[in-house]
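A quick write-up on the structure given underneath.
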Amino acid sequence: MSEDKISGSEILIRSLMEEGVEIVYGYPGGAITPVFDCLYDYRDKLHHILMRHEQGATHAAQGYARVSGKPGVVIVTSGPGATNAITGIADAMMDSTPMVVIAGQMPASMLGTDAFQETDVVGVTLPITKWSYQIRRAEDIAWAVARAFYIASSGRPGPVVLDFAKNAQVETAEFKYSKCSFIRSYDPFPKIDDAQIREAARMINEARKPLMLVGQGVKLGNAEKEVIALAEKAGIPVAETLLGLSAIPSEHPLNKGMIGMHGNIAPNVKTNECDLLIAIGLRFDDRVTGEISTYACQAKKIHFDIDPSEFNKNVKIDLAVLGNAKETVPAVAALVNRREQTEWVKSFEHAETAEYEKVIKDEITPEDGPLRMGEVVHCVSEAADNNAIVVTDVGQNQMMAARYSTYRNTRSLITSGGLGTMGFGLPAAIGSKFGAPDRTVCLFAGDGGLQMTEQELGTIQAYGLDVKIILLSNNVLGMVRQWQELFFEKRFSETDLVNPDFIKLAEAYGIKGRRITDRSELKEAVQEMMQHKGAYLLEADVEKEEMVFPMTPTGKSVDYIMLNRNETYKK
């Protein structure tokens with residue numbers, strides 16, 4: 001495509017449109033003003049969502065990307081605009097979220113002069129991106145955008161930053177756009193090794209106690225159906241990481257729940273009893289493995305992943321299967337024997353029963369006492385017909401929302417896993433709603449995390465978004481307080497909060513709100529929230545001293561599991 005010369009800003013806008021971008025999130029400023037001026041002429045085709053903070057823009061783009069499967073796009077200015085985006089960029093890198101961030105920059109002639117709002121954006125973001133590049137000439141813009149989208153969305157996805165010098169925004173060049181499909185030094189689509197496929201099938205066929213672990217890589221690779229087909233054919237019980245939740249329907253008979261520090265007892269215990277561990281699309285995070293030296297020592301291990309750097313990084317494996325799970329998993333499934341693992345699957349029941357009796361029952365159906373987080377989450381999940389997109393902030397609210405929501409469809413849990421970013425929830429819920437406007441979006445947040453990005457209530461107001469906000473309020477930084485009680489001799493240092501009137505705050509933004517303090521109000525209040533057309537904030541006052549159990553403390557083996565303050569699980 002070629003025509004008369006146009007400005008660099010218009011080249012950027014038209015390049016984004018060539019990549020199929022329909023929504024961008026951002027915040028204007030001096031060094032990016034030419035782009036926003038050009039955007040004015042394209043606002044009917046490329047919709048800009050004006051967030052209230054650049055961090056909010058990145059988290060919104062993450063929510064959008066995680067729900068839709070498309071790269072999220074962010075446009076910010078130089079200096080503080082770019083540095084405010086750093087947290088979201090790092091979060092996207094940790095959680096393999098495709099995102100393209102375009103940051104304004106000083107004119108090339110002024111670089112290195114400490115000009116107003118100048119920051120070395122490339123230098124700052126290189127360690128937390130797949131690629132960070134400075135555009136200094138208008139003729140390089142289309143090439144850089146095409147390359148950015150290819151890198152961000154191919155292979156193991158992640159964030160890319162384009163540092164856009166102001167002179168390049170106003171200079172002119174011909175617009176010639178060609179999508180990128182090859183970079184010489186970058187191989188995002190590794191060729192399948194038939195020997196690895198055959199060996200994986202052999203190991204699965206010989207196993208008598210196989211356990212499959214599913215991570216977010218399964219969702220990123222759109223391999224959910226293929227993974228379920230393999231599990232069903234070989235009768236393999238399945239567990240999910242926090243970010244892997246919803247890849248397998250919660251009620252699937254082979255789904256044994258979440259693994260990790262606050263995961264379900266059965267899959268954590270069985271990790272140290274299985275004879276074959278099949279990990280698909282996960283990175284063996286420390287919150288999943290517990291103490292590495294005691295992690296699944298008795299088992300052989302197969303690791304499916306598209307990123308070879310993950311093999312043997314944290315856990316020594318016996319077989320690496322490199323490639324996209326959507327291709328490698330069905331190739332293995334074609335060679336495995338059809339069978340049932342009846343006795344092995346049944347052996348999970350003891351731990352499942354113990355967890356229900358010791359933890360779950362009192363959490364979702366308490367007989368007395370203050371409201372509990374689990375019962376609120378459970379009630380909301382049922383009211384949404386177990387079909388909502390569940391967005392969380394970080395902390396106790398995150399673990400409770402993950403544990404007590406039920407997932408029918410994939411891409412239904414949006415949360416900050418690797419970086420654990422408080423303040424993620426509200427803007428991510430906004431992006432999730434834009435990414436899936438026909439689905440119900442329920443945000444679970446704590447009073448600490450909500451206040452980190454509460455200004456994004458203004459974005460909800462401005463765009464009339466129907467986001468249901470469930471605030472689990474206990475006037476404390478709950479997860480930190482839990483650790484202080486259990487491991488720091490109840491020295492509650494700087495975890496008590498003095499909160500605003502959240503209902504008045506919501507009303508100030510034109511959002512209907514209601515506060516409940518007793519479980520007799522819960523069901524009716526949740527129904528009111530779900531039936532309300534538009535945004536709603538439901539504040540539930542929950543027990544201050546409540547803790548998230550089960551729990552495997554840091555440094556303990558994955559099968560060392562606390563049921564409560566005083567009792568551990570006995571096999």
Side-chain angles (χ1 to χ4, degrees), residues 1 7-26 31-32 34-35 38-39 42 46 48 54 57-58 60-62 64-66 68-78 81-82 85-86 88-93 95-105 108 120-166 168-169 173 175-189 220 307 431:
M1 180 185 298
S7 73
S9 293
E10 187 168 4
I11 291 174
L12 173 69
I13 299 301
R14 293 176 66 171
S15 296
L16 294 177
M17 292 169 59
E18 288 284 342
E19 290 292 339
V21 178
E22 297 176 341
I23 296 177
V24 298
Y25 305 87
I32 199 69
V35 170
C38 182
L39 186 62
Y42 287 87
L46 185 60
H48 176 264
E54 291 88 353
T58 56
Q62 287 178 275
Y64 175 86
R66 298 263 288 273
S68 70
K70 304 174 184 177
V73 181
V74 177
I75 303 178
V76 297
T77 194
S78 64
I86 295 297
I89 295 169
D91 195 295
M93 189 66 177
D95 286 352
S96 303
T97 303
M99 182 166 72
V100 175
V101 177
I102 300 148
Q105 183 55 278
D120 182 3
V121 173
V122 171
V124 170
T125 59
L126 270 174
I128 54 171
T129 56
K130 287 187 72 178
W131 186 52
S132 188
Y133 179 77
Q134 188 173 75
I135 303 173
R136 297 188 179 192
R137 306 186 309 166
E139 51 263 42
D140 295 334
I141 296 168
W143 170 87
V145 171
R147 191 179 177 98
F149 275 83
Y150 179 64
I151 293 172
S153 57
S154 60
R156 180 178 183 171
V160 167
V161 169
L162 296 178
D163 190 35
F164 197 7
K166 194 169 185 179
Q169 299 173 36
F175 179 53
K176 299 177 181 179
Y177 198 83
S178 177
K179 287 193 176 185
C180 180
S181 60
F182 173 76
I183 298 174
R184 186 176 60 183
S185 59
Y186 174 58
D187 184 17
F189 306 111
L220 294 173
D307 184 354

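- Screening V161, I75, I135 for a side-chain contact (heavy atoms from CB on, under 4.5 Å) involving I102 leaves a single residue, I75.
- A ring-centre distance under 6.0 Å is not found for W131 and Y150.
- Looking at V76 and I32, their side chains never come closer than 4.5 Å, going by heavy atoms from C-beta outward.
- Taking K130 as the reference, Y186 meet the side chain to side chain donor-acceptor pair (under 3.5 Å) condition, with sequence neighbours excluded.
- Contact of the R14 side chain with the Y177 side chain is not registered, since no non-hydrogen atoms from C-beta on lie closer than 4.5 Å.
- A pairwise comparison of heavy atoms in A85 and E54 identifies N-CB, 4.2 Å as the closest pair.
- Two residues are said to be in side-chain contact when any heavy atoms from C-beta on lie closer than 4.5 Å; S15 and F175 meet this criterion.
- Minimum heavy-atom separation, D163 to Q134: OD2-NE2, 2.8 Å.
- Shortest non-hydrogen contact noted between I128 and M93 is O-CB, 3.4 Å.
- A donor-acceptor pair is defined here as one N or O able to donate and one able to accept, closer than 3.5 Å; such a pair exists between the side chain of S9 and the backbone of Q169.
- With values rounded to the nearest 0.5 angstrom, E18 atom CD is found 9.5 Å from S178 atom OG.
- Formation of a donor-acceptor pair under 3.5 Å by the T77 side chain with backbone atoms of A31 is found in this model.
- Annotation: the span from S68 atom OG to E22 atom CD amounts to 9.5 Å, rounded to 0.5 Å.
- Note: I13 CD1 to L39 CG = 4.5 Å, rounded to the nearest 0.5 Å.
- Once rounded to the nearest 0.5 Å, the distance linking CD1 of I151 with OG of S132 reads 10.5 Å.
- Evaluation of the side chain to side chain donor-acceptor pair (under 3.5 Å) rule for T97 yields no partner, not counting sequence neighbours.
- Considering only heavy atoms from C-beta on, S154 comes within 4.5 Å of F189 through its side chain.
- In this structure, the side chains of Y133 and V160 stay at 4.5 Å or more apart for every pair of heavy atoms.
- Residues V100 and A152 share a closest heavy-atom pair of CG2-CB, 4.1 Å.
- Legend: residues meeting salt bridge (charged side-chain N to carboxylate O under 4.0 Å, His left out) with R147, ordered by chain and number and at least two apart, are absent.
- The side-chain heavy atoms of I23 and V73, taken from C-beta on, include no pair separated by under 4.5 Å.
- Of all non-hydrogen atoms in V24 and V21, the two that sit nearest each other are CG1-CG1, 3.8 Å.
- The minimum heavy-atom distance linking I86 with T125 is given by the pair CD1-CG2, 3.5 Å.
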